[in-house]
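What follows is a short report on a single structure.
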2 protein chains.
Amino acid sequence: MKKYIPVLKNTKLFAGVGEEELALMLGCLQARLCTYKKGEYVFKQGERLGNITVLTEGKLHIQSDDYWGNRSIINVVNVGEMFGEAYAAPDSGDILNDVVAVEDSAVIFFDVKKILTVCSSACKFHSTVVQNLFFAISEKNRNLVRKLGLMAKRTTREKLISYLSEEAKKNNNGTFDIPFNRQQLADFLSVDRSAMSNELCKMRDEGLLVFKKNKFTLL
Amino acid sequence: MKKYIPVLKNTKLFAGVGEEELALMLGCLQARLCTYKKGEYVFKQGERLGNITVLTEGKLHIQSDDYWGNRSIINVVNVGEMFGEAYAAPDSGDILNDVVAVEDSAVIFFDVKKILTVCSSACKFHSTVVQNLFFAISEKNRNLVRKLGLMAKRTTREKLISYLSEEAKKNNNGTFDIPFNRQQLADFLSVDRSAMSNELCKMRDEGLLVFKKNKFTLL
DNA sequence: CTCTTTTCGTTGTAAAAACAACAGACTTAT
DNA sequence: ATAAGTCTGTTGTTTTTACAACGAAAAGAG
C-alpha cells in the first residue's frame with residue numbers, strides 16, 4: 001500500500017497532508033487495498049457501504065443495467081478520485097449502481113467512521129481531511145447537476161454537442177480525447193449506439209467537427 | 001426571522017440544535033431573511049454564491065431554460081430544505097441553474113464562511129451543524145444519482161413508471177399527490193407535455209393507474 | 001502473419017417523441 | 001356572474017430515435 005502514498009498525496013481527499021502524515025493516517029483510518037481485474041465488480045447495486053474509497057490505479061465506471069440490458073454509465077472514476085463518499089452517512093441505504101473496473105485497478109478502502117470521528121492523537125490533519133471530503137462531495141454534486149443538464153437535452157445531437165463542448169472546455173482545447181469508445185459514450189448519454197454513430201457522422205459531414213477513434217476536434 | 005426558528009429546528013441542517021441555541025446561531029451565522037413573490041428568481045444562472053440557504057416558507061424550483069425555451073426542472077425545494085450548499089466550497093464557480101419561487105416564499109441566507117469556520121465561543125453546536133451539512137449534501141448527492149437513473153430511461157412511459165413508483169414508495173402508499181402540474185412534470189422528466197399526457201392516458205386505459213389532477217393511484 | 005474478436009459506420013424499418021393546433025374543463029379576477 | 005386566462009387531454013403530422021442486421025476496419029491472440 002505504501003507505494004500508493006504519492007498518488008494519495010495528490011488526491012483532493014488528502015490535499016494539504018504530507019507524505020509522512022499520510023503514512024500514519026493509513027493505519028489510523030484502517031486503510032485496506034484491493035485489486036480488481038478488468039471487468040470485475042468493486043460494488044454491486046444493492047450492497048451496503050461503510051467505506052470511502054480512492055482509486056489508485058486503473059479506471060472504474062459507475063453504472064447500472066436495467067431489466068432489458070440497457071446500460072447507463074453514470075460516471076467515470078479516474079486515478080486519484082474518490083467514490084462511495086455519498087454513502088458516508090449512517091442511514092444512506094443501499095447503493096444504487098454498480099461500480100466496475102474497466103481496466104485492471106487498485107482501490108484503497110477507508111473506514112468511514114474513522115474518518116468522521118476525530119481521532120485521539122497523531123492525526124492532526126484529520127480535520128483537514130474532513131473538510132476536503134466536504135469540498136470533494138460538493139464538487140461531485142455540481143458535476144452530477146452538470147450531467148443532469150446533459151441528460152435533459154432532448155436530441156442525440158444536442159447531447160453530443162453539449163458533451164463535446166464541455167470536454168473541449170475541460171481540456172482548454174478544441175482537440176481532445178474522450179475516455180469512451182462509441183458504445184460507452186452512447187451508454188453515458190443514454191442513447192442508442194448506432195443512432196449516435198449516425199448522428200456523429202452527419203455532424204462531421206456538416207463540418208461541425210472531425211474525429212478519428214477517440215480523438216475529436218470541434219470546428 | 002424569529003418566527004421561523006421552529007421551522008429551522010426541524011431542518012436536517014440544524015438537527016440536534018435546540019431553539020435557544022438556534023436563536024444565538026442566527027446572529028453568529030449572519031442569517032438574513034429574504035422573501036420572494038411567486039415567479040421571482042432567488043438566483044439566476046451564472047451568479048456567484050457565498051451562502052447556504054434554507055427555505056422557510058413556500059416552494060422553489062431549481063431549473064434551467066435552454067436557448068430554445070425548453071425548461072428543465074432539476075429539483076424541487078420544499079419548506080425546511082436547503083439549497084446552494086454545493087457551492088459552499090470557495091472555488092465552486094458560477095451556479096448552473098436558476099432558482100425560482102413557484103409560491104410566495106421566504107428564504108434564510110447563512111454565510112458559508114461562518115458555517116465552515118469554527119466560531120469562538122457561544123456556538124457549541126457548530127460542529128454538529130457542519131456534520132449535518134455534510135450528511136445533507138450526501139443525501140442530495142444520492143438523490144441526484146436517483147434522478148439521473150430516471151433521466152437515463154429511454155421512453156416517456158419508463159420515465160413515468162419510474163417516477164411514479166418512487167413517489168408511491170416515498171409515500172408508502174399507492175395513492176399520492178405529485179408536486180407538479182402536467183407541464184412541470186414534463187419539464188422534470190424532460191419530455192414533451194402533450195406526448196406525456198398522451199402516454200399517461202394510454203397507461204390509464206391499459207389499467208396501470210388512475211389519476212385525477214395531481215392525485216395518482218398505481219394499480 | 002493469420003485467425004478471431006471487437007469496434008465502428010451504414011442502411012432500412014418500426015416505434016416513439018416532438019411539435020402544432022385546438023376544444024373543453026377548470027381557475028381566477030373583476 | 002361573467003370574462004379572461006390557464007390547464008389538460010386529444011389528434012394528426014413531422015422528426016427523431018430505437019432496433020436489427022451487416023460489412024469493413026482495427027485490435028488482439030496465438
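In what follows, every chain begins at residue 1, and chains take the letters A, B, ... in the order their sequences are listed.
Per the geometry, CG belonging to A:Leu160 stands 15 Å off C1' belonging to C:dG9, to the nearest Å. In this structure, B:Lys153 atom NZ and C:dA15 atom P are separated by 22 Å, rounded to whole Å. Between A:Asp187 atom CG and D:dA18 atom C1' the separation is 14 Å, expressed in whole Å. The CZ atom of B:Arg157 sits 17 Å away from the P atom of D:dA18 (whole-angstrom rounding). The separation between B:Asn70 atom CG and C:dA18 atom P is 9 Å, rounded to whole Å. Distance, A:Trp68 CH2 to D:dC19 P: 11 Å, rounded to whole Å. D:dC7 atom P lies 17 Å from atom CG of B:Leu200, rounded to whole Å. A straight line from NZ of A:Lys38 to P of C:dT5 spans 16 Å, rounded to a whole angstrom.
Below 30°, between 30° and 60°, or above 60°: for A:Phe180 and A:Tyr163 the angle between ring planes is between 30° and 60°, a tilted geometry.
With 3.5 Å as the limit, one finds no donor-acceptor pair spanning the side chains of A:Arg154 and B:Ser190. Side-chain polar atoms of B:Ser194 and B:Asp192 form a donor-acceptor pair below 3.5 angstrom. Using modelled atom types, one finds no donor on one side chain facing an acceptor on the other under 3.5 Å when comparing B:Arg71 with B:Ser64.
Remark: B:Glu47 does not engage B:Lys44 in a salt bridge, criterion side-chain N to carboxylate O under 4.0 Å. The pair B:Lys170-B:Glu167 meets the salt-bridge criterion, since a charged nitrogen lies less than 4.0 angstrom from a carboxylate oxygen. Salt-bridge formation is detected for the pair B:Lys215/B:Asp177: a Lys NZ or Arg NE/NH1/NH2 atom is positioned less than 4.0 Å from an Asp or Glu carboxylate oxygen.
For B:Lys159 and B:Phe188, the positive end is not near the middle of the six-membered ring at less than 6.0 Å and at most 45° from its axis. Under the 6.0 Å distance and 45° angle rule, B:Lys9 does not count as a cation-pi partner of B:Tyr4.
Contact annotation for A:Asp192: base contact, defined as any heavy-atom pair under 4.0 Å involving a base atom.
Across residues 206-219 of chain B, not one residue has a non-hydrogen atom less than 4.0 Å from an atom of DNA chain C.
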Task: Sugar-phosphate or base contact per nucleotide [nucleotides 10-16 of chain D; S, B, -; heavy atom under 4.0 Å] - done: BB----S
